[in-house]
Amino acid sequence: MTAPRENRQVGFADGAPLLLIGQASLDDLNARLEEPVSMLRFRPNLVIDGAAPFAEDNWKLVRIHTATGTLELECTHTCARCAIPGLDPLTGEPGKEPLRTLAQYRRGEKGKIYFGQNLAPRLAEPSNFAIQVGDRVEVE
C-alpha cells in the first residue's frame, strides 16, 4: 500500500485530505491494550459506527447523505501510521502504546503499521457539504 500522492494535491495532510476510522476498529485495539486509548490518538476526521473491526480497510467508496446532498469520498489507501498515535494528545507525553500493540497484528508491507482509511472527496466543483453526527453512510 502506498500513498498515491503524484496526482493529488493536499494541504496540511500527509497523503489524503481526510482520515476515517471505524469505532469497532478502535474497540478491537482497546480490547488488546492494558489501558484503553481515545480515538483522539489517531486524529481522524470521520468516525464510523456500525461496521465490523477493520472493515474500512476494504472499502472503495463512502457516501455520506448530508442535509445538503450526498457527499462521495473515495477510499484512496489504508493509513500507514507514524509516531503521532504514541503521543498522548492531552499531555504530549510519548509512549510505546498503542503502536506496539498495533504492530503485533496490523503490520503490513515494509513493516508499516496500518490503522484507518484515507479518503479524498469526489467533487466536480466546490461544494458546501456539512457532515453531522447521525448522517446516513453507505459504503462500497
Side-chain angles (χ1 to χ4, degrees):
M1 296 176 220
T2 59
R5 298 170 201 196
E6 304 85 43
N7 61 356
R8 295 196 189 277
Q9 182 177 352
V10 296
F12 304 110
D14 186 22
L18 298 169
L19 174 64
L20 176 146
I21 296 177
Q23 181 62 50
S25 301
L26 180 67
D27 294 344
D28 181 275
L29 169 61
N30 278 333
R32 300 165 191 259
L33 293 171
E34 284 185 33
E35 288 188 39
V37 295
S38 151
M39 189 66 83
L40 290 175
R41 288 283 184 130
F42 300 96
R43 283 92 167 157
N45 306 93
L46 300 167
V47 177
I48 301 292
D49 200 6
F54 310 106
E56 62 270 24
D57 290 355
N58 300 307
W59 295 346
K60 304 292 181 223
L61 184 71
V62 175
R63 283 190 193 93
I64 302 175
H65 300 278
T66 73
T68 56
T70 300
L71 174 61
E72 290 191 340
L73 302 166
E74 180 183 348
C75 299
T76 61
H77 58 287
T78 310
C79 184
R81 303 314 308 215
C82 64
I84 292 296
L87 294 175
D88 184 314
L90 302 177
T91 66
E93 291 294 318
K96 294 183 190 245
E97 293 295 359
L99 295 172
R100 180 173 53 188
T101 297
L102 280 171
Q104 294 172 7
Y105 71 109
R106 297 290 299 166
R107 194 174 288 280
E109 74 180 46
K110 298 183 183 176
K112 294 182 180 177
I113 300 167
Y114 292 96
F115 193 78
Q117 181 66 247
N118 285 292
L119 308 172
R122 288 185 177 174
L123 301 172
E125 57 189 57
S127 301
N128 191 20
F129 290 102
I131 299 170
Q132 296 187 23
V133 172
D135 283 346
R136 189 168 62 87
V137 176
E138 293 178 79
V139 298
E140 291 182 17

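Predicted model, so just to flag it, every value in this text is computed and none were measured.
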Report yes if the side chains of [X] and [Y] come closer than 4.5 Å at any heavy-atom pair, otherwise no.
{"X": "Pro44", "Y": "Met39", "result": "yes"}
{"X": "Leu20", "Y": "Leu73", "result": "no"}
{"X": "Asp27", "Y": "Pro53", "result": "no"}
{"X": "Asp88", "Y": "Arg41", "result": "yes"}
{"X": "His65", "Y": "Thr70", "result": "yes"}
{"X": "Arg81", "Y": "Leu99", "result": "yes"}
{"X": "Leu61", "Y": "Glu72", "result": "yes"}
{"X": "Tyr105", "Y": "Asp28", "result": "yes"}

Tell me the closest heavy-atom pair linking [X] and [Y], and the distance in Å.
{"X": "Thr76", "Y": "Ala16", "answer": "OG1-CB, 3.8 Å"}
{"X": "Arg43", "Y": "Pro85", "answer": "NH1-CA, 4.5 Å"}
{"X": "Asn45", "Y": "Pro17", "answer": "OD1-O, 4.0 Å"}
{"X": "Thr101", "Y": "Arg32", "answer": "CG2-CB, 3.8 Å"}
{"X": "Asn30", "Y": "Pro36", "answer": "OD1-CA, 3.2 Å"}
{"X": "Ala24", "Y": "Ala52", "answer": "CB-C, 3.9 Å"}

Quiz prompt | Audit row: Arg106, Asp57, side chain to side chain contact (heavy atoms under 4.5 Å, CB included) steps and yes/no | solution = CA-CA 11 Å; Arg106 297 290 299 166; Asp57 290 355; 2.8 Å; yes
Exercise. Determine, step by step, whether Phe129 and Leu123 satisfy the side chain to side chain contact (heavy atoms under 4.5 Å, CB included) criterion, reporting the C-alpha distance in whole Å, the side-chain angles of both residues, the deciding distance to 0.1 Å, and the verdict.
Key: CA-CA 11 Å; Phe129 290 102; Leu123 301 172; 3.8 Å; yes
Are [X] and [Y] connected, step by step, through hydrophobic side chains (Ile, Leu, Val, Met, Phe, Trp, Tyr) whose heavy atoms are closer than 4.5 Å?
{"X": "Leu40", "Y": "Leu46", "answer": "no"}
{"X": "Tyr114", "Y": "Phe54", "answer": "no"}
{"X": "Leu87", "Y": "Val37", "answer": "no"}
{"X": "Leu26", "Y": "Val62", "answer": "no"}
{"X": "Phe42", "Y": "Ile48", "answer": "no"}

Exercise. Working to the nearest 0.5 Å, report the span between NZ of Lys60 and CD of Glu140.
Key: 11.0 Å
Quiz item: So, does Gln117 use its side chain to make a donor-acceptor pair with the main chain of His77 at under 3.5 Å?
Solution: yes
Exercise. Say whether, by atom type as modelled, one donor and one acceptor occur between the side chain of Asp135 and the main chain of Ala67 under 3.5 angstrom.
Key: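 Checked: no pair found.
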Practice problem: Please name the residue in the list Thr66, Thr68, Val137 that meets the side chain to side chain contact (heavy atoms under 4.5 Å, CB included) test with Ile131. | Solution: Thr66
Exercise. For a side chain to side chain contact (heavy atoms under 4.5 Å, CB included) with Cys79, tell me which candidate from Leu19, Ile113, Leu119 qualifies.
Key: Leu19
